[in-house]
Amino acid sequence: MALYARHPRFTISLLILIFISLLLFANSGSHESFINPLSLQRSNSLLRDQLRIDEVFYNRMLEQRKALVKKWGPTPDKVDPFPSNGEFYTLWDFFLPSFRCPHRLERVGIMGDGGKWFCGLERIAPKKSCVMYSFGVNGESSFEADILKAAPGCEVYGYDFSVKSFGPEIEEHRDLKSRSHFFPYALGSRDAHGPTDDPKMYTLRTLMERNGHDFIDVLKVDIEGNEFDSLEVFIDSFHGAPLPFGQLQLEIHVFPNTQWEKFPKFLGWWEKLEAAGLRPFFSEPNLVYVNLVRGVRPDLIEYSFINIRGDHELLTDPHH
């Protein structure tokens, strides 16, 4: 009796394994760090269909959020973001990364605090010209360095008033340093750059205008709680028009005794991000912070967002 007739599941599994092995063998001679982007392209219609389907599922999650608020509230003002009386949830359970990255999802940067989960690097890498903004450097630049290595046409603009330069991952690499621009400025909700202002502060929109940029491929923000007002002002300044960036890597800080730890306030801010077209596709609690400060609540979390509005590489086949 033939092998398939006797063991059909085993035979199918074996054929799949052989096929995968042949693919890996075929690519084993390549010296490129990333998969050929041409092999990962799809038609605009298929990509748009996938995004529409993912939006349907995201909206289902929004209904679940309403149900969770009703369960533990029953209104937003009654929800304790970090309860300690036996309730089985935290703030982050209301804001799940329920949207799917429609491209390759990968970890970029170090495998600890500083690395980020990135969507579609194979779409950014071939661009002749791309721009990354990085707010919050703090002496560690592995994420930015890995993006620059993968995307030779990319330049990074870094801002941090607490340090004097990028981290050694960029500063000690001649090619990467030549495509990097560092400024000791703070990102804020207003411009404050007079002779007595320390640190000098600019809105994101002002910085884009100063640099002559109308689009940011990668926006990274890690500014210790100032992200709320800064992003809110930036979103409001476009009055409903699509935001000019492809994806956002954001660390959120909900520190105790601030207005943002109030659930209704945080919910309103988050819904503003959603209304602007931002969809979270990954989240990662900052457990290093929890581990270093024993007994602290999980105030810090990394989110990765894709912007589903506008016209950019993550939404449209670059060949069209």
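Keep in mind the model is a prediction, meaning the values are calculated, not measured. The analysis underlying the following values was restricted to heavy atoms, covering all of them including side chains, and did not include hydrogens, waters or symmetry mates.
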Q: Answer whether the closest heavy-atom distance between the side chains of T75 and V69 falls below 4.5 Å.
A: no
Q: Are L314 and Q247 packed together at the side-chain level, in the sense that at least one heavy-atom pair is separated by less than 4.5 angstrom?
A: yes
Q: Check for a donor-acceptor pair, side chain of D80 on one end and backbone N or O of F82 on the other, with a separation under 3.5 Å.
A: yes
Q: If you look at every heavy atom in F245 and L248, which pair is closest and at what distance?
A: CE1-CB, 3.9 Å
Q: Could you report the tightest heavy-atom contact between N307 and A276, atom names first, then the distance?
A: OD1-O, 4.0 Å
Q: List the steps, then state whether salt bridge (charged side-chain N to carboxylate O under 4.0 Å, His left out) holds for E63 with K66.
A: CA-CA 5 Å; E63 293 302 316; K66 293 178 182 177; 3.6 Å; yes
Q: Flag the pair E172 / K177 as yes when at least one side-chain heavy-atom distance between them is below 4.5 Å, and no otherwise.
A: no
Q: Using a 3.5 Å distance criterion without hydrogens, assess whether the side chain of D93 forms a donor-acceptor pair with backbone atoms of T90.
A: yes
Q: Run the numbers on Y159 and V137 for side chain to side chain contact (heavy atoms under 4.5 Å, CB included), then give the verdict.
A: CA-CA 7 Å; Y159 300 89; V137 176; over 6 Å; no
Q: Can we say D49 and R52 salt-bridge, meaning some charged N sits less than 4.0 Å from an Asp/Glu carboxylate O?
A: yes
Q: Verify the neighbour count for atom CZ of F215: are there more than 12 heavy atoms of other residues, nucleotides or ligands below 6.0 Å?
A: yes
Q: Determine, for R179 against E155, whether the closest basic-nitrogen to carboxylate-oxygen distance falls under 4.0 angstrom.
A: no
Q: Closest approach of T258 and F255, non-hydrogen atoms and distance?
A: OG1-O, 2.7 Å
Q: So do the side chains of M208 and I216 get within less than 4.5 Å of each other, counting heavy atoms only?
A: yes
Q: So do the side chains of F143 and F118 get within less than 4.5 Å of each other, counting heavy atoms only?
A: yes
Q: Report the distance from atom CD of E313 to atom CD of E122, rounding to the nearest 0.5 Å.
A: 11.5 Å
Q: Which distance, rounded to the nearest 0.5 Å, do you find between the CG of L105 and the OG of S304?
A: 7.5 Å
Q: Is it true that E251 and N286 share a donor-acceptor pair across their side chains at a distance under 3.5 Å?
A: yes
Q: Return the orientation label for the F182 and F166 ring planes: parallel under 30°, perpendicular over 60°, tilted otherwise.
A: perpendicular
Q: Closer than 4.0 angstrom, basic N to acidic O: yes or no for D236 and K272?
A: yes
Q: Are the aromatic ring centres of F94 and F263 under 6.0 angstrom apart?
A: yes
Q: If you look at every heavy atom in Y89 and P81, which pair is closest and at what distance?
A: CE1-O, 4.5 Å
Q: Side-chain donor-acceptor pair under 3.5 Å between E232 and S230, yes or no?
A: no
Q: Donor-acceptor pair, distance only, cut-off 3.5 Å: does the side chain of D197 make one with the backbone of G194?
A: yes
Q: Given 3.5 Å as the limit, does a donor-acceptor pair link the side chain of D229 with the main chain of S189, or not?
A: no
Q: Verify the neighbour count for atom CZ of R309: are there more than 12 heavy atoms of other residues, nucleotides or ligands below 6.0 Å?
A: yes
Q: Verify whether one side chain among D222 and H253 offers a donor that lies under 3.5 Å from an acceptor in the other.
A: yes
Q: May I ask you to decide if the ring planes of W260 and F228 are parallel, tilted or perpendicular, using 30° and 60° as cut-offs?
A: parallel
Q: Can Y157 and F183 be said to form a side chain to side chain contact (heavy atoms under 4.5 Å, CB included), step by step?
A: CA-CA 8 Å; Y157 290 74; F183 305 90; 4.0 Å; yes
Q: Could you tell me if the side chain of P97 sits less than 4.5 Å from the side chain of W92, heavy atoms only?
A: no
Q: So, does T206 use its side chain to make a donor-acceptor pair with the main chain of Y202 at under 3.5 Å?
A: no
Q: For D160 and Y185, does a side-chain donor sit closer than 3.5 Å to a side-chain acceptor?
A: no
Q: Do M201 and L187 come within less than 4.5 Å of each other through their side chains, counting heavy atoms only?
A: no
Q: Would a hydrophobic clustering, with Ile, Leu, Val, Met, Phe, Trp and Tyr connected at side-chain separations under 4.5 Å, put L91 with L68?
A: yes
Q: Would you give the length of the straight line joining atom CG of D311 to atom OG1 of T316, rounded to the nearest 0.5 angstrom?
A: 4.0 Å
Q: What do the steps show when you test L148 against S180 for side chain to side chain contact (heavy atoms under 4.5 Å, CB included), and what is the final call?
A: CA-CA 9 Å; L148 292 176; S180 304; 3.6 Å; yes
Q: Could you report the tightest heavy-atom contact between V108 and I147, atom names first, then the distance?
A: CG1-CD1, 3.9 Å
Q: Return the CG to CG distance between L207 and D191, rounded to the nearest 0.5 Å.
A: 7.5 Å
Q: Which heavy atom of C101 sits nearest to which heavy atom of G120, and what is that distance?
A: SG-N, 4.1 Å
Q: Tell me whether F282 is reachable from L300 by hopping between hydrophobic residues (I, L, V, M, F, W, Y) whose side-chain heavy atoms are closer than 4.5 Å.
A: no
Q: Report yes or no: does E169 contribute a side-chain atom to a donor-acceptor pair with the main-chain N or O of S141 at less than 3.5 Å?
A: yes
Q: Would you please indicate yes or no on a ring centroid separation below 6.0 angstrom for F281 and F99?
A: no
Q: Can V156 and H181 be said to form a side chain to side chain contact (heavy atoms under 4.5 Å, CB included), step by step?
A: CA-CA 6 Å; V156 59; H181 315 273; over 6 Å; no
Q: Would you say that L219 contacts Q249 through its side chain, given a criterion of any heavy-atom pair below 4.5 Å between the two side chains?
A: no
Q: Looking at CG of L231 and CG of L243, how far apart are the two atoms once the value is rounded to the nearest 0.5 Å?
A: 9.0 Å
Q: Thinking salt bridges, do K71 and E87 make one under a 4.0 Å N-O criterion?
A: no
Q: What class does the angle between the rings of W269 and F266 fall in, given that below 30° is parallel, 30 to 60° is tilted and above 60° is perpendicular?
A: tilted
Q: With rounding to the nearest 0.5 angstrom, report the CD to CG distance, E271 to L62.
A: 8.0 Å
Q: I'd like to know whether Y289 forms a side-chain hydrogen bond (donor to acceptor under 3.5 Å, both in side chains) with D113, so could you lay out the CA-CA distance, the side-chain angles of the two residues, the decisive distance to 0.1 Å, and finally the verdict.
A: CA-CA 9 Å; Y289 169 72; D113 189 32; over 6 Å; no
Q: Quick one: do E274 and R65 satisfy salt bridge (charged side-chain N to carboxylate O under 4.0 Å, His left out)? Show the steps, please.
A: CA-CA 13 Å; E274 290 174 326; R65 178 193 296 165; 2.8 Å; yes
Q: Take atom NZ in K262; do more than 12 heavy atoms of anything else shown fall under 6.0 Å from it?
A: no
Q: Relative to the ring of W270, is the ring of F305 parallel (under 30°), tilted (30 to 60°) or perpendicular (over 60°)?
A: tilted
Q: Shared ILVMFWY cluster between M61 and L278, side chains joined below 4.5 angstrom?
A: yes
Q: Assess whether salt bridge (charged side-chain N to carboxylate O under 4.0 Å, His left out) is satisfied between E55 and R279, documenting all intermediate values.
A: CA-CA 9 Å; E55 184 69 358; R279 298 290 180 270; 2.8 Å; yes
Q: Is a side-chain N or O of K220 found less than 3.5 angstrom from the main chain of E144, in a donor-acceptor match?
A: no
Q: Any sub-3.5 Å donor-acceptor pair from Q259's side-chain atoms to E261's backbone N or O?
A: no
Q: According to a hydrophobic-cluster definition based on side-chain heavy atoms being under 4.5 Å apart (Ile, Leu, Val, Met, Phe, Trp, Tyr only), do F238 and I308 belong together?
A: yes
